[in-house]
Amino acid sequence: CEMGMKAYGIEVSEVAIKVANDYLKRRDKSAEIRLYDGENIPYLNGYFNFTISMGVLDHMLFPHALKLIEEIHRVLKPEGYICVSLHSIYDSNYGKGRQVERNTYIIEQGEFEVGLPQHYFDEEDVLKLFQMFEIKRVYVEKEKMYDLESKSALSQSSFWGIYAKR
């Protein structure tokens, strides 16, 4: 796509694949985006050197996230790396919505994600999720949103950043 790398993606929605391909075409870029059945990543064992997951593993029930991370492990080369961003329990939305399992809530408000599960990861979850990997770097990022007029904090978003080796 850029910097001489080939880009790949998986998506559960054919509509989203079309939107992504149209976006790439308008920018004169290319990527191979395959339909994902929600169970098996459609690539061979050891196919990738590097994978990125942003806003994916935290929008599913934890057992499904464990299954997907196993699939990511499978498609990574033996010395491959993964970079992941996950919502943390320090996010101001933690605990909002209908709880469906430990640290997981159904989003009830917003523009795009209403009805989706949102898992908020704690240290125990991160360690369990990455038990098959060698964690190289992990951090929690906290970002506060402020109203400058009232000088008060509106909300805080918080994410885990994890960089790990297979």
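We count residues from 1, following the sequence as given. Because only heavy atoms are used, hydrogens play no part in the values below, and waters and symmetry mates are left out as well, while side chains stay in.
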**Q** Indicate the ring-plane relationship of Tyr47 and Tyr43, choosing parallel, tilted or perpendicular according to the 30° and 60° boundaries.
**A**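 Plane angle between 30° and 60°, so tilted.
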**Q** What pair of heavy atoms forms the shortest contact from Leu57 to Ala65, and how long is it?
**A**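 Smallest interatomic distance, heavy atoms only, reads O-CB, 3.6 Å.
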**Q** Measure the CD-CG distance between Gln156 and Asn93 for me, rounded to the nearest 0.5 Å.
**A**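 Reported value, rounded in 0.5 Å steps: 10.5 Å.
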**Q** Within the distance-only criterion (no hydrogens, no angle test), does the side chain of Glu101 pair as donor or acceptor with the backbone N or O of Phe62 below 3.5 angstrom?
**A**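 Pair found, side chain donor or acceptor close to backbone of Phe62.
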**Q** Considering only NZ, NE, NH1 and NH2 on the basic side and carboxylate oxygens on the acidic side, decide whether Lys18 and Asp22 come within less than 4.0 Å.
**A**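 Salt bridge present between Lys18 and Asp22.
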**Q** Find the distance between CD1 (Ile17) and CD (Glu11) and round it off to the nearest 0.5 Å.
**A**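 If we round to the nearest 0.5 Å, Ile17:CD1 and Glu11:CD are 6.0 Å apart.
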**Q** Using side-chain heavy atoms (C-beta onward) and a distance below 4.5 Å, is Lys96 in contact with Glu108?
**A**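 Side-chain contact under 4.5 Å: no.
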**Q** Does NZ or CZ of Arg27 fall inside the cone over Tyr23's six-membered ring, less than 6.0 Å from its centre and within 45° of the axis?
**A**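 Arg27 over Tyr23 ring: yes.
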**Q** Give the minimum heavy-atom separation between Ser155 and Ser92, together with the two atoms involved.
**A**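 That would be CB-OG, 3.3 Å.
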**Q** Return the CG to CG distance between Leu86 and Asp122, rounded to the nearest 0.5 Å.
**A**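 Interatomic distance, Leu86 CG to Asp122 CG, rounded to 0.5 Å: 11.0 Å.
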**Q** Nearest 0.5 Å please: distance from the CD1 atom of Ile69 over to the NZ atom of Lys128.
**A**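 Answer for the CD1-NZ pair, Ile69 versus Lys128, is 13.5 Å.
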**Q** If you draw a 6.0 Å radius around NE2 in His73, do more than 12 non-hydrogen atoms from other residues or ligands fall strictly inside?
**A**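 Correct, the count exceeds 12.
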**Q** Where do Met145 and Ser157 come nearest, in terms of heavy atoms and distance?
**A**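 Of all heavy-atom pairs spanning Met145 and Ser157, the closest is CE-OG, 3.8 Å.
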**Q** Quick one: pull up OH in Tyr94 and NE2 in His119 and give me the separation to the nearest 0.5 Å.
**A**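 Taking OH in Tyr94 and NE2 in His119, the distance rounds to 8.5 Å.
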**Q** Report yes if the side chains of His59 and Gln118 come closer than 4.5 Å at any heavy-atom pair, otherwise no.
**A**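 The answer is yes, as the side chains (C-beta and beyond) meet within the 4.5 Å cut-off.
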**Q** Are the side chains of Ile52 and Phe50 in contact, using a 4.5 Å heavy-atom criterion?
**A**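 Phe50 reaches Ile52 side chain to side chain.
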**Q** Below 4.0 angstrom, N of the basic side chain to O of the carboxylate: do Glu71 and Arg74 qualify?
**A**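 Result for this pair is yes, salt bridge flagged.
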**Q** Starting from Met132, can I reach Val126 by hopping between I/L/V/M/F/W/Y residues whose side chains sit under 4.5 Å apart?
**A**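 The answer is yes; both residues are in one hydrophobic cluster.
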**Q** Do you know the tightest heavy-atom contact between Val140 and Tyr90?
**A**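 Taking every non-hydrogen atom into account, CG1-CD1, 3.9 Å.
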**Q** Walk me through it: do Trp160 and Asp58 pass the test side chain to side chain contact (heavy atoms under 4.5 Å, CB included)?
**A** CA-CA 11 Å; Trp160 288 94; Asp58 51 11; over 6 Å; no
**Q** Find out whether Ile41 and Leu68 are in side-chain contact, i.e. whether some heavy atom of one side chain is under 4.5 Å from a heavy atom of the other.
**A**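 Heavy-atom side-chain distance check passes, below 4.5 Å.
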**Q** Take atom CD in Glu123; do more than 12 heavy atoms of anything else shown fall under 6.0 Å from it?
**A**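 It does not: Glu123 CD has 12 such atoms or fewer within range.
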**Q** Between Phe121 and Asn103, is any pair of side-chain heavy atoms under 4.5 Å apart?
**A**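 Side-chain contact under 4.5 Å: no.
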**Q** Tell me whether Phe48 is reachable from Met54 by hopping between hydrophobic residues (I, L, V, M, F, W, Y) whose side-chain heavy atoms are closer than 4.5 Å.
**A**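 No; Phe48 is not reachable from Met54 via cluster members.
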**Q** Indicate the atoms forming the closest heavy-atom contact of Gly46 with Lys77, along with that distance.
**A**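 Residues Gly46 and Lys77, closest heavy atoms: O-CG, 3.0 Å.
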**Q** Answer whether the closest heavy-atom distance between the side chains of Ile10 and Pro42 falls below 4.5 Å.
**A**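 Side chain of Ile10 against side chain of Pro42, heavy atoms only: contact under 4.5 Å found.
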**Q** Tell me, do Ile82 and Arg166 make a side-chain contact under 4.5 Å, heavy atoms counted?
**A**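 A side-chain contact under 4.5 Å is absent here.
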**Q** Rounded to the nearest 0.5 Å, what's the gap from CD1 on Ile135 to CG on Leu129? Could you check?
**A**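 The CD1 atom of Ile135 sits 8.5 Å away from the CG atom of Leu129.
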**Q** Under 4.5 Å between side-chain heavy atoms, counting indirect links through other Ile/Leu/Val/Met/Phe/Trp/Tyr residues: same cluster for Phe130 and Leu76 or not?
**A**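 Both belong to a single hydrophobic cluster.
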**Q** Quick check on Lys144: does its NZ atom have over 12 non-hydrogen neighbours (other residues, nucleotides or ligands) under 6.0 Å away?
**A**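 Not more than 12 within 6.0 Å, no.
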**Q** Within a 6.0 Å radius of atom CZ on Arg26, are there more than 12 heavy atoms belonging to other residues, nucleotides or ligands?
**A**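 Check passes, neighbour count above 12.
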**Q** Would you call the rings of His87 and Phe159 parallel, tilted or perpendicular, taking 30° and 60° as the class edges?
**A**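 Taking Phe159 first and then His87, their aromatic rings sit tilted (interplane angle of 30° to 60°).
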**Q** With side chains defined as the heavy atoms from C-beta onward, is the minimum distance between Arg102 and Asp125 less than 4.5 Å?
**A**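 Yes, at least one pair of side-chain atoms sits under 4.5 Å.
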**Q** Using the rule that two of Ile, Leu, Val, Met, Phe, Trp, Tyr join whenever any of their side-chain heavy atoms come within less than 4.5 Å, decide whether Met60 and Ile106 are in one cluster.
**A**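 Met60 does not cluster with Ile106.
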**Q** Following the transitive rule for hydrophobic clusters with a side-chain heavy-atom cut-off under 4.5 Å over Ile, Leu, Val, Met, Phe, Trp and Tyr, establish whether Tyr139 and Tyr81 coincide in one cluster.
**A**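 Cluster IDs for Tyr139 and Tyr81 differ.
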**Q** So which atom in Pro117 and which in Thr104 form the shortest heavy-atom distance, rounded to 0.1 Å?
**A**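 In this case the closest contact between Pro117 and Thr104 is CB-CG2, 4.0 Å.
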